[in-house]
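One structure is given here, and the rest of the page talks about it.
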Protein chains: 2
Amino acid sequence: MESKLPSIDSVFSVDCVIFGFDAGELKILLIERNEEPFKDWLALPGYFVEQNESIDNAAARILYELTGLNDLHMEQFHTFGELNRHPQGRVITVAYYALIRTSSKKELRPISQYAKKAFWHPVNDLPKLAFDHTKIFETGFSKIRRRLNTQPIAFELLPEKFTLTQLQSLYEAIENRKFDKRNFRKKMLGFGFLKELNEKEKDVSYRAAKLYRFDKRRYMKVLSDEGGIEN
Amino acid sequence: MESKLPSIDSVFSVDCVIFGFDAGELKILLIERNEEPFKDWLALPGYFVEQNESIDNAAARILYELTGLNDLHMEQFHTFGELNRHPQGRVITVAYYALIRTSSKKELRPISQYAKKAFWHPVNDLPKLAFDHTKIFETGFSKIRRRLNTQPIAFELLPEKFTLTQLQSLYEAIENRKFDKRNFRKKMLGFGFLKELNEKEKDVSYRAAKLYRFDKRRYMKVLSDEGGIEN
DNA sequence: ACAAAAGTGTTGCACGTACACCCATGT
DNA sequence: ACATGGGTGTACGTGCAACACTTTTGT
């Protein structure tokens, strides 16, 4: 390894797969591009990383500039480095995902002019996306699907107070299948990290459901308790 | 997005965490570096990606040049992009892991002069490694630990014909805990993808054990059969 | 004969799954 | 009163964990 870094014309970028849950549907955030290549196409929010920022920071900055969203907890899930994935040259992209509460959705308003607009689109029935973004989305979707049952990611998509039916329909949207109501409730409550609130839904035209909250303290406790049994 | 890519002084590399299983111990492949920075330090096999190769190809090439190993099935598991991870500038590295059979281990012989030598080292009791390679190793190790029970990766570490006791001790090495022999065998055989051979161990000074082989056909069948039940 | 590892079953428990009806509320 | 979703229990099967002794082989 030389004492100078080899200087090659390499470029890397970040792309974000941001999930939201709204009106019983799982959605992701898309932008309409305002620049070549793929001008006017729909794409995942993504852009180039700058010289002096870490990739994690770049992801947060870029998402903010293209959509106006900030303070998300984003996590890297894969790096795409095919030679021909970008028509103008070698671009390696690190893909991130995040999950966001519908209730905390701020207005979507691109800051930079690289995006004409940003909007939510249901994950079923996605249009063709720019670059290899369809593949990136699919990889990300299958990651969160697998993480659903190992990490408490579902709660990041729901409002802070939610009903068990909302939770169930979210699971159904992510896994794309139906669950039995009684079994689902039994299982979720059995985990012991859902806190039942003394509150009910309001403004519904049917029997109001109890509200629950995800209790992070209890979740941590449950996690650490599980380590102690074993062989 | 401009029609020219922004040209910044960025560099990326690949690092490999290669697992082997030998003498009842889980090991990884290290090199002794022959170049600054971190000359003479131990490190994961890794080097810069070239302009015109995909990252996957780069990983295979670099591993070969530094250790003489080829034809591994490597898989990307994380990308490390902290600003200060390389003392000479911004280097983003994509980390790969692979598992290799002890029995098919070729001689370890670096081709390029960037490595003085390559050798196996037990995963317990690793020395300090160059750059952030200790962190990279730990991330990779925890990935394969979690994948152990979802994908048939253990068999890639064993010789083609193996005994159930070997399989068990491999699991014990990866998960760092003991299993009950009867339960372990029942479970493994219950999966239905281990093929019992009409052969036994040789040259052992105790009762010879039956040999088994991982049967990929049956594994695929078992996998696809599982999809069909559900709610 | 002894040492060393191979091989083998049963039981209790926890968990997943299948399944149907009454209740509370708003209109 | 009716429509809409909220809320509840039981029975069965499967899979995991705990547990100890006999068999085979080489020296």
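Letters go in sequence order (proteins before strands), and every chain restarts at 1. These numbers were taken from a predicted model, which means no experiment stands behind them.
- With rounding to whole Å, Met188(A) atom CE is found 16 Å from dG7(D) atom P.
- Side-chain contact of Glu175(A) with Asn149(A): a donor-acceptor pair under 3.5 Å is present, judged by distance alone.
- A donor-acceptor contact under 3.5 Å is not formed by the side chain of Lys210(B) with the base of dA6(C).
- Counting non-hydrogen atoms of neighbouring residues, nucleotides and ligands closer than 6.0 angstrom, the CZ atom of Arg109(B) reaches no more than 12 such neighbours.
- Checked by atom type, the side-chain pair Arg146(A)/Ser142(A) shows a donor-acceptor distance below 3.5 Å.
- One can place CD of Glu196(B) at 13 Å from C1' of dT8(C), the figure rounded to the nearest angstrom.
- The local environment of NZ in Lys135(B) is sparse, with at most 12 non-hydrogen atoms from other residues, nucleotides or ligands closer than 6.0 Å.
- The NZ-P distance, from Lys200(B) to dT24(D), rounds to 9 Å in whole Å.
- Within 6.0 Å of the NZ atom in Lys116(A), the count of heavy atoms belonging to other residues, nucleotides or ligands exceeds 12.
- A donor N or O paired with an acceptor N or O is found under 3.5 Å between the base of dA6(C) and the side-chain atoms of Arg207(B).
- For Glu201(B) and dA6(C), the CD to C1' distance is 9 Å, given to the nearest whole Å.
- Among dT4(D), dT24(D), dA4(C), the nucleotide with an atom closest to any side-chain atom of Tyr206(B) is dA4(C).
- Whole-Å rounding puts the Phe184(A) CZ to dG7(D) C1' distance at 15 Å.
- For the pair Arg182(B) and Phe184(B), the cation-pi test (distance below 6.0 Å, angle within 45°) is failed.
- Scanning residues 161-176 of chain A for heavy-atom distances under 4.0 Å to DNA chain D yields Thr165(A).
- When the P atom of dG26(C) is taken as reference, atom NZ of Lys202(A) falls 12 Å away, rounded to whole Å.
- Each of Ala209(B) and Ser205(A) was matched to the nucleotide of DNA chain C holding its nearest heavy atom; the match closer to the 5' end belongs to Ala209(B).
- The nearest whole Å value for the distance from the NZ atom in Lys181(B) to the C1' atom in dC19(D) is 13 Å.
- No hydrogens or angles considered: nothing links the side chains of Ser54(B) and Arg85(A) as a donor-acceptor pair under 3.5 Å.
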Could you go through nucleotides 9-15 of chain D and list every protein N or O atom that sits under 3.5 Å from one of its N or O atoms, giving the distance for each pair?
| from | atom 1 | to | atom 2 | distance (Å) |
| --- | --- | --- | --- | --- |
| dT10(D) | O4 | Lys186(A) | NZ | 2.8 |

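- In this structure, the CG atom of Leu189(B) is 12 Å from the P atom of dG9(C), given to the nearest Å.
- Looking at Glu199(B), Glu201(B), Glu196(B) one by one, the single match for salt bridge (charged side-chain N to carboxylate O under 4.0 Å, His left out) with Lys161(B) turns out to be Glu199(B).
- Phosphate contact (OP1/OP2 of dT8(C), side-chain N/O of Arg185(B), threshold under 4.0 Å): absent.
- For the residue pair Tyr96(A)/Asp56(A), the side-chain donor-acceptor check at 3.5 Å is satisfied.
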